[in-house]
Amino acid sequence: MSLASTVVDAALASPKRTHIGGDFLAQETEVSTANLKDWIGNNVFVVIFLLVVCAIALGALKSNFAKVLSVGGLSLVAIAFFVLSGSQSAMNGLGAFILSLVGVEV
């Protein structure tokens, strides 16, 4: 018998059936993304803040103080916007403060 005919015979042969009992799942609980969502919700501002600090530090190393001030200032505005949009009581307090500037008491 040649090597080619042996390979063809092996490819066409049906595999032997074996019975393996038991449950082989690695995880028995339901898979969900709740923990990932909680982690992102708890740590997103820390990660953004670290990225802003890195950008400010790189601008300061190059002695580009205009970039440092613009990146730092715009980052604070963006972070304040995200904080206010995530809290209903903060938005209500800010609205009451702005209305009190023009003489309307809420």
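Because only heavy atoms are used, hydrogens play no part in the values below, and waters and symmetry mates are left out as well, while side chains stay in.
- Atom CG of Leu99 is separated from atom CD of Glu105 by 9.0 Å, given to the nearest 0.5 angstrom.
- In plain terms, the two heavy atoms of Val71 and Ile56 that are nearest each other are CG1-CG1, 4.1 Å.
- Side-chain heavy atoms closer than 4.5 Å link hydrophobic residues (I, L, V, M, F, W, Y) into clusters, and following such links, possibly through other members, connects Leu94 to Leu101.
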